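Have a look at the structure below, then the notes.
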Amino acid sequence: FVFYPETIPLADALAALGEQAGVPIVVTPDLQDVPVNPCVFRNLPLRSALDLLLRQWPVTGYGYEVLSEHILVRAR
């Protein structure tokens, strides 16, 4: 795996996340600026990757919903 030295806004990571997942990932406007630590894991199930992403945040009460056209990250 590869770690990056600083956080970036979640909105800046969405294109890469969606490309890796094979499905677009969309977040509600209140989450676009949440800082994330970009990293690369290989052979990690999508569910595990999303759970790791959500657990690193300095905010709580968020989850994701798998819809037919995208994955929506939102408040629970």
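Starting from 1, each residue takes its place in the sequence as its number. Bear in mind that the values here come from a model prediction, so they are computed numbers and not experimental data.
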Notebook entry, point to check: What distance do Asp33 atom CG and Ile8 atom CD1 have between them, rounded to the nearest 0.5 Å?
Noted result: 12.0 Å
Next item on the list: Please tell me if the side chains of Leu46 and Ile71 come closer than 4.5 Å, counting only heavy atoms from C-beta onward.
Entry: yes
Margin query: So which atom in Pro38 and which in Val36 form the shortest heavy-atom distance, rounded to 0.1 Å?
Written below: CD-O, 3.2 Å
Notebook entry, point to check: Do you know which two heavy atoms are closest between Gly63 and Leu54, and how far apart they sit?
Noted result: CA-CD1, 3.7 Å
Check: What distance do Leu17 atom CG and Asp12 atom CG have between them, rounded to the nearest 0.5 Å?
Finding: 11.0 Å
Checklist line | By side chain to side chain contact (heavy atoms under 4.5 Å, CB included) - contacts of Leu67 (at least two apart) | finding: Glu65, Glu69, His70, Leu72
Checklist line | salt bridge (Lys or Arg N to Asp or Glu O under 4.0 Å) contacts touching residues 19-30 (sequence neighbours left out) | finding: none
Note to self: So if I apply the side-chain contact (heavy atoms from CB on, under 4.5 Å) rule between Tyr64 and each of Asp51, Val27, Val26, which one comes out positive?
What the structure shows: Asp51
